[in-house]
Amino acid sequence: MENEVNYLDIETDIKADRMVAVYLNGYIYEVCNHPRSFFVDLFTSIQDELVVGHYIKFDAKHIYREFGVMLRNLWCTHTAAKVLRNGKRNKDGSPVDNSLVGCLYHYLGVRDAAHNDKSEIRTNLSIKRKLTPKELEYIKADGDYLKKLHEVLVGYVQTDGLGFVMQVEMALIPVLIEKEVRGIRVDTDYLRHLVAVWTRGKRIAVGMLDRELNKIMHLSTRPALFIAYNYGSTEQITQIFKDFGLPVPTKKTQDGNKTVLRESNDEDAISEYIFEYPNSPLKRFLEVYLWHQEIKRLITSYGESLIEKVKGGYLHTEYKQLGAETGRLSSKNPNLQNLPANGHGAKVRRCFLPDYGEVFVDTDMDGAEIRIAADLSKDPLLMASIKDGVDMHSKLASATYSILAGERVEISKDKNPLLIRGVKLIPGRVRDRHKSVTFSYFYLGGPGRIYTIIGDDIRKFRSDVRGACKEVHAELGRQLPVLSAYLKSKVDTANTVGFLTLPKSGRRRYFNGSAYGDAANNDIQGINAEAIKVAMINMNKYFKQTGYGRLVLNVHDQLVSSCKPEHAQEVAEKQKQVMSDALTYFLSNLKGSSTVKITKNWEK
């Protein structure tokens, strides 16, 4: 191609999930008019040149999947717009529009009539016929504006100091495309076994819910003869509270720019309700209901709907690079970022397997959130836990349980039972559970959040549950005073300046005057996200150079690759170093660290 910069747009048959036409540098090539070899040569000719598009990952993925050509030098106007306006909202509180039509209007002031009926046009595109004049006009209008939009966005990226962020995001696109197209192997037989176990558990939970309601039915305002609740219906769960004459759980939600309380029975609202009303006659029922919902969610997320997505033994997710405003990846169809690491669903991870004849190399950033929080805040206890090996989690858990027990309690990694005021505890388990209390504080989580994590233990020691949670929360502030001040300073900055900027990378996140927990934790989560993206890019380069394996999965700060057993040790050493170096780059006073293991199936 003569162009130094190529402008690309792919149109597809949505139903067939196949390419219909290609817009490239002012020309439109219909797939039905050319042999496959024509497109292979066309895309190969621009493989290493700069290729610009809106949703370029979508375009490049179709090219790779259908023609086997990976475009390696990409620039996405959609990603640029999201990076530039990350977190921004319209006046009514809705997210800004970063679609091509939205970007053309916002950055160029363009409203083209060719975009009228865009949704209908795209829906009707078909591989079985030639394009109509109206469809050709629409495709050309999209493509012809790319050059000007690209030039304007490049200027804004440079002005806002977002060059590094765009460099990382663009280098990541081919990495994600290959992971999506090649997928990860799944043991569907074992997954079906888990689904059967969960289904039995759900039936048991329903029976328990019935029994708990029957115990207190005399308190209901409705005759027991006509009571038949559907526990899968959110409306009927709400009705239970009303039938017993009890307050209905509520949750804060955004209505435009206003925060309002609405009736809710999601898990957070129910947990908060139990905390607020510890003597409610529905308390035991609600505890069982939370268990029922956990099992229901596992069946819904990892049951037949997931098994049906496995093709040829492999599951293909879709990664969203900017799935969170912190810059963290997310995934959908299915969501592999929320795979449970603990509880009833932890065994789901065993269903994921390396490629045939290979092993997993599984690397986890070692204490990434604490390491980042220590580096940013300089809190003495956090720094001591990293530099001197102080067992911070045992220290904080000991402080919490000393408050609950009213006497000095020593929590450690020990797995031998500890008897405290007639209550038997396993110190190691208590310590692990209390980690979530500590991490909730990184979001400035309050007493209610503490209750949702260790409420069962609190009730064993204290009748004044709310008071106990407030005391524990206050003690966390005393143990981590510098961190507390740092987190509050991030909230203040977000609310006064209107945005936060990550150190080193320069990624911005805008807030809208009501920032709190997300602002407090923004830099911790953001640096973690930047580090894992850099690690993925560098490991992918290594695999391309050596041919030893490939990346197959990542969940937050965990990176998993598949390789031949004879290369596993070298890959493990390299992956461990790459992960550690990636985090070190974004820290000022500490070094990153990671742990690695070689295994035949994937577990946390």
Side-chain angles (χ1 to χ4, degrees), residues 271-272 274-279 283-284 287 290-291 341-343 346 366-371 373-374 377 379-487 517 520-521 524 604:
S271 297
E272 184 70 22
I274 296 172
F275 172 69
E276 291 290 338
Y277 301 97
N279 298 317
K283 179 170 166 290
R284 178 57 184 159
E287 290 170 346
L290 290 176
W291 177 51
N342 303 295
D366 186 20
E369 288 188 60
I370 293 175
R371 201 172 291 269
S377 71
D379 186 274
L381 179 55
L382 295 180
M383 292 294 284
S385 72
I386 301 298
K387 286 189 169 183
D388 305 324
V390 172
D391 188 348
M392 180 190 78
H393 291 300
S394 291
K395 181 179 175 64
L396 292 176
S398 297
T400 290
Y401 281 80
S402 294
I403 288 174
L404 299 181
E407 61 184 60
R408 180 62 186 164
V409 176
E410 289 289 343
I411 299 297
S412 65
K413 297 179 181 179
D414 192 358
K415 295 183 180 179
N416 294 316
L418 189 65
L419 193 64
I420 306 168
R421 290 180 51 192
V423 177
K424 186 171 75 171
L425 298 173
I426 307 298
R429 292 178 184 174
V430 168
R431 177 185 179 276
D432 289 344
R433 194 160 57 246
H434 193 272
K435 286 181 182 179
S436 296
V437 173
T438 302
F439 290 131
S440 75
Y441 196 77
F442 287 10
Y443 287 90
L444 292 178
R449 182 59 184 153
I450 292 171
Y451 176 80
T452 64
I453 300 168
I454 58 171
D456 288 344
D457 284 352
I458 293 172
R459 290 195 303 273
K460 293 173 183 177
F461 291 102
R462 299 277 291 268
S463 58
D464 59 330
V465 173
R466 296 185 66 182
C469 289
K470 289 178 180 178
E471 289 178 41
V472 170
H473 184 260
E475 181 62 22
L476 281 173
R478 286 191 289 272
Q479 293 285 339
L480 300 165
V482 180
L483 173 67
S484 181
Y486 164 78
L487 295 174
N521 195 252
I524 298 171
K604 175 61 179 174

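Note that CG of Leu480 and CZ of Phe442 are 7.0 Å apart. Values are rounded to the nearest 0.5 Å. The distance from the OH atom of Tyr451 to the CD1 atom of Ile274 is 5.0 Å, given to the nearest 0.5 Å. The line from CG of Leu476 to CZ of Arg478 is 9.5 Å long, rounded to the nearest 0.5 Å. A distance of 13.0 Å separates CE in Met383 from CD1 in Ile370, rounded to the nearest 0.5 Å. Atom CD1 of Ile458 and atom CD1 of Ile450 lie 7.0 Å apart (nearest 0.5 Å). Taken to the nearest 0.5 Å, the CZ atom of Arg431 stands 13.0 Å off from the OH atom of Tyr401.
No donor-acceptor pair under 3.5 Å is formed between the side chain of Asn521 and the backbone N or O of Ile524. Judged by distance alone, with hydrogens and angles left aside, the side-chain atoms of Arg462 form a donor-acceptor pair with the main-chain N or O of Ile403 at under 3.5 Å. Proximity of a side-chain donor or acceptor of Asp414 to a complementary backbone N or O of Asn416 within less than 3.5 Å is detected. For the pair Ser440 (side chain) and Val437 (backbone), a donor-acceptor distance under 3.5 Å is present.
Nearest heavy atoms, Gln479 versus Ala399: NE2-CB, 3.9 Å. The shortest non-hydrogen separation linking Lys424 to Leu419 is N-CD1, 3.9 Å. Between Leu382 and Ser385 the shortest heavy-atom distance is O-OG, 2.6 Å. Of all heavy-atom pairs between His393 and Thr438, the closest is ND1-OG1, 4.4 Å. Of all heavy-atom pairs between Ser377 and Ala373, the closest is OG-O, 2.7 Å. Contact record, Ser402 with Val409: OG-N, 2.9 Å, taken as the closest heavy-atom pair.
A salt bridge links Lys460 to Asp457: one of the charged nitrogens lies within less than 4.0 Å of a carboxylate oxygen. A salt bridge does not link Arg371 with Glu369: every distance from a Lys NZ or Arg NE/NH1/NH2 to an Asp or Glu carboxylate oxygen is 4.0 Å or more. With respect to the salt-bridge test (charged N to carboxylate O, under 4.0 angstrom), the residues Glu475 and Lys470 do not qualify. A salt bridge does not link Glu410 to Lys395: none of the charged side-chain nitrogens sits closer than 4.0 Å to a carboxylate oxygen.
Counting heavy atoms from C-beta on, the side chains of Leu381 and Val482 never come closer than 4.5 Å. Taking 4.5 Å as the limit, every side-chain heavy atom of His434 sits out of range of all side-chain heavy atoms of Ile411. Between Leu396 and Thr400 there is no side-chain heavy-atom pair separated by less than 4.5 Å. When side chains are defined from C-beta on, Val423 counts as touching Phe461, because their heavy atoms get closer than 4.5 Å. In this structure, the side chains of His473 and Tyr441 come closer than 4.5 Å at one or more pairs of heavy atoms. Between Tyr486 and Asp379, every side-chain heavy-atom pair lies at or beyond the 4.5 Å cut-off. Between Val472 and Pro447, the closest side-chain pair of non-hydrogen atoms is not below 4.5 Å. Counting only heavy atoms from C-beta outward, the side chains of Ile426 and Val430 never approach each other to under 4.5 Å.
Dense packing is recorded around NZ of Lys435, with more than 12 heavy atoms of other residues, nucleotides or ligands lying under 6.0 Å away. Residue Lys283 qualifies as enclosed at atom NZ: its count of foreign heavy atoms under 6.0 Å is above 12. The local environment of CZ in Arg429 is sparse, with at most 12 non-hydrogen atoms from other residues, nucleotides or ligands closer than 6.0 Å.
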(request) List the steps and the verdict of side chain to side chain contact (heavy atoms under 4.5 Å, CB included) for Asp391 and Lys413. (result) CA-CA 9 Å; Asp391 188 348; Lys413 297 179 181 179; 3.8 Å; yes
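For the 3.5 Å distance criterion, the side chains of Tyr277 and Arg466 fail to qualify, holding no donor opposite an acceptor.
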